[in-house]
Amino acid sequence: MSEKTICGIDCRQCSAWGNCSGCTATKGNPLGGGCIVAECCQSKGQESCGSCASCALREKLSSAFNALGIEGMDEVKGLNALSGSYINLCYTLRDGREIKLLDDRRIYLGNQLCKAGSERCYGLATDGTFLLVSEYGNCGTDAEMVLYKKLSGPVLPT
């Protein structure tokens, strides 16, 4: 566990670790853009919960991804806290413009799953207001958006 985090997740494996003040010091904004896990803890009125590895929020969002029924996507058995800068893929629009959908400064919940019968992967990301499923090749190349779904109603506990 890390004293830098509200949720108790050990963030030392994050690529931003050396340049990050942590969410405890920044009141839930470790990279300046918010963290869904810290927001969940704070919505429960907890300064520090230390139990987010089995959080009901992760279970609820995993179930939401599973309910999408995307062909060839393995069952989502868990979601990890991921830096936006790590998972913010570049998508090419039909007119040739390139866009990114996520905020590099936020911490999302997500995962990478193998696509059945393919060398490509599915990438999942959520901040509790949407579900994003992408398909991509090695190291995030040739990214295609499979689904973007806005969630209705609050996901965080109130």
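Numbering starts at 1 and runs along the sequence shown.
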Hey, does Leu79 have a side-chain heavy atom less than 4.5 Å from the side chain of Phe65? yes
Work out which heavy atom in Ala81 is nearest to a heavy atom in Ile107; give both atom names and the distance. CB-CG2, 3.9 Å
With a 4.5 Å heavy-atom cut-off, do Leu124 and Met73 have their side chains touching? yes
Taking it one step at a time, do Leu113 and Cys121 satisfy side-chain contact (heavy atoms from CB on, under 4.5 Å)? CA-CA 6 Å; Leu113 304 170; Cys121 296; over 6 Å; no
Minimal heavy-atom distance between Tyr136 and Leu89, with the atoms involved, is CD2-CD1, 3.4 Å
CG of Leu82 to OG1 of Thr126: how many Å apart, nearest 0.5 Å? 11.5 Å
Of all heavy-atom pairs linking Met145 and Leu101, the shortest is CE-CD1, 3.3 Å
Measure the shortest side-chain to side-chain distance between Asp103 and Asp127 over non-hydrogen atoms and say whether it is less than 4.5 angstrom. no
To the closest 0.5 Å, what do you measure between NZ (Lys115) and CG (Asp74)? 12.0 Å
Between Arg106 (side chain) and Gly33 (backbone), is there a donor-acceptor pair under 3.5 Å? yes
When rounded to the nearest 0.5 Å, the distance separating OG of Ser85 from CZ of Arg105 is 11.5 Å
For the residue pair Val76 and Tyr122, establish whether any side-chain heavy-atom pair is separated by less than 4.5 Å. no
Can you check whether Asp142 reaches Arg120 side chain to side chain, under 4.5 Å on heavy atoms? yes
Measure the CD1-CG distance between Ile99 and Leu93 for me, rounded to the nearest 0.5 Å. 4.5 Å
Please examine the side chains of Leu151 and Leu61, heavy atoms only from C-beta on, and report whether any two atoms are closer than 4.5 Å. yes
Within 6.0 Å of NZ in Lys100, more than 12 heavy atoms from elsewhere: yes
Given the rule in the side-chain contact (heavy atoms from CB on, under 4.5 Å) test, do Leu68 and Val146 qualify, once you have shown the distances and angles that lead to the verdict? CA-CA 11 Å; Leu68 297 173; Val146 174; over 6 Å; no
Nearest 0.5 Å, what's the CG-SG distance between Leu109 and Cys35? 7.5 Å
Tightest non-hydrogen contact, residues Gly78 and Asn111, listed as O-ND2, 2.7 Å
